[in-house]
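Written below as structure tokens is the structure these notes are about.
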Amino acid sequence: MENQKPVVELKHARKSFGDNHVLKDISLTVNKGDVLAIIGPSGGGKSTLLRCLTMLETLDAGELSYGDLAVTTTDAQGRAVYGGKDVVREAKTRFGLVFQNFNLFPHYTVLKNVTDALISVQKQPREQALARGRELLAKMGLEGKEDMVPCDLSGGQQQRVAIARALAMNPDVLFFDEPTSALDPELTREVLKVIRELASERMTMAIVTHEMSFARDVADQIIFMDGGVIVEQGAAADVINNPQHDRTRAFLSNYGQ
């Protein structure tokens with residue numbers, strides 16, 4: 001489609017830890033308004049891919065860009081060369097990241113967890129930031145919880161605070177690293193409901209998940225990763241319901257659809 005606008009692009013990414021080649025020539029694009037689900041077995045490279053996209057790890061090779069901002073280029077030896085501090089700082093304003101284990105500040109209130117970066121990093125006026133925080137917490141179904149601390153909340157509520165915190169910065173894309181893996185089935189449904197609502201609002205997202213029916217129903221595209229390569233990618237329903245590769249079929253056979 002002509003109007004597809006890449007929010008994040010990765011070309012020919014490689015990442016090794018010693019002799020362990022975790023990412024081997026990975027390329028992907030997430031367009032504005034799309035939801036990309038990344039599935040595959042543990043140890044297949046999914047979380048490392050997300051950590052490279054969010055600059056928690058550095059690429060050995062490959063080109064990463066956020067919209068018009070080139071985060072890395074390639075030198076004559078094919079190695080990834082990162083832009084300067086200003087480039088990296090700007091890139092980090094363009095995405096939000098939601099972790100498996102929430103990563104909330106335990107001694108901050110729920111509202112302070114959501115608004116702290118708005119006030120201290122973005123230098124927003126305090127009242128404006130607090131109003132934004134309350135609005136997002138209400139959207140997450142957490143009205144009345146603003147003054148609690150994380151340990152007073154369920155895991156599902158903590159994860160919804162983490163999503164509110166990521167949304168507060170108005171990112172171009174939200175990354176989720178197995179956002180429900182630490183939750184029981186009931187709490188998992190709570191969090192997936194929030195992500196479904198964001199998808200219906202056309203929030204651009206990339207989600208590493210083991211929830212196959214959710215990936216099929218919510219994602220536009222699915223990437224199946226194994227052994228550090230993309231084995232299969234395509235429209236979500238096609239990959240889940242009609243996988244083309246034996247390895248994908250074997251993986252999906254472990255999940256009841």
Quick one: does [X]'s side chain get under 4.5 Å of [Y]'s, heavy atoms only?
X	Y	value
T73	Y82	no
I195	F176	yes
L36	M205	no
R216	N241	yes
L28	V30	yes
Y66	L64	yes
D60	R79	no
F102	Q157	no

salt_bridge([X], [Y]) N-O dist < 4.0 Å:
X	Y	value
E127	R132	no
E186	R189	no
D226	R247	yes
D147	K112	no
K145	D152	no
E197	K193	yes
E146	R134	no

Same cluster or not: [X] versus [Y], using hydrophobic residues (I, L, V, M, F, W, Y) connected whenever any side-chain heavy atoms lie under 4.5 Å apart?
X	Y	result
V98	L183	yes
L10	V173	yes
I163	F175	no
L136	L142	yes
F214	V239	no

* Relative to each other, are the rings of H210 and F251 parallel, tilted or perpendicular (30° and 60° limits)? ->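 Rings of H210 and F251: tilted, 30 to 60°.
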
* Asked: Would you call the rings of H107 and F105 parallel, tilted or perpendicular if under 30° counts as parallel and over 60° as perpendicular?
  ->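 Ring orientation, 0 to 90° scale: perpendicular.
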
* Given I26 and M225, is the side chain to side chain contact (heavy atoms under 4.5 Å, CB included) satisfied, shown in steps? -> CA-CA 10 Å; I26 298 283; M225 281 184 75; 3.8 Å; yes

Check whether [X] reaches the backbone of [Y] with its side chain - one donor and one acceptor, N or O, closer than 3.5 Å.
X	Y	result
R165	V114	no
D238	N242	no
T115	A129	no
T58	C52	no
S16	G18	no
T48	G45	no
N113	T109	yes
Q159	P179	yes
D220	V35	yes
T248	P243	no

[X] side, atom [atom1]; [Y] side, atom [atom2] - distance, nearest 0.5 Å:
X	Y	atom1	atom2	value
L53	R51	CG	CZ	12.0 Å
I207	L198	CD1	CG	8.5 Å
T29	Q233	OG1	CD	8.5 Å
E232	D246	CD	CG	10.0 Å
L50	L97	CG	CG	6.0 Å
C151	L104	SG	CG	11.0 Å

Minimum heavy-atom separation for [X] to [Y], with atom names?
X	Y	value
E178	S47	OE2-OG, 4.5 Å
P106	V149	O-CB, 3.8 Å
A215	T209	CB-CG2, 4.2 Å
L49	I38	CD2-CD1, 4.0 Å
V88	G83	CG2-O, 3.9 Å
G78	A61	O-CB, 3.2 Å

* To do: Quick one: do L187 and S154 satisfy side chain to side chain contact (heavy atoms under 4.5 Å, CB included)? Show the steps, please.
  => CA-CA 8 Å; L187 298 180; S154 72; 3.9 Å; yes

* To do: Verify side chain to side chain donor-acceptor pair (under 3.5 Å) between E63 and T72, making sure each step is shown before the conclusion.
  => CA-CA 5 Å; E63 295 176 13; T72 68; over 6 Å; no

* Under 4.5 Å between side-chain heavy atoms, chaining through other members, with only Ile, Leu, Val, Met, Phe, Trp and Tyr counted: pull out the rest of the cluster around V87, sorted by chain and number. =>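 Answer for V87: L69.
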
* Under the side chain to side chain contact (heavy atoms under 4.5 Å, CB included) rule, what do K5 and D172 come out as? Steps first, then yes or no, please. => CA-CA 11 Å; K5 184 179 167 198; D172 295 337; over 6 Å; no

* CD/E143: more than 12 non-hydrogen atoms of other groups inside 6.0 Å ->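 Open.
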
* To do: May I have the step-by-step check of side chain to side chain contact (heavy atoms under 4.5 Å, CB included) for I222 and I240, ending in yes or no?
  => CA-CA 8 Å; I222 286 182; I240 298 289; 3.4 Å; yes

* Yes or no on salt bridge (charged side-chain N to carboxylate O under 4.0 Å, His left out) for E135 and K139, after CA distance, side-chain angles and deciding distance? -> CA-CA 6 Å; E135 173 197 331; K139 181 183 171 108; over 6 Å; no

* **Lys NZ or Arg CZ of K92 over F95 ring: under 6.0 Å, within 45°** =>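 So K92 doesn't make the cation-pi contact.
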
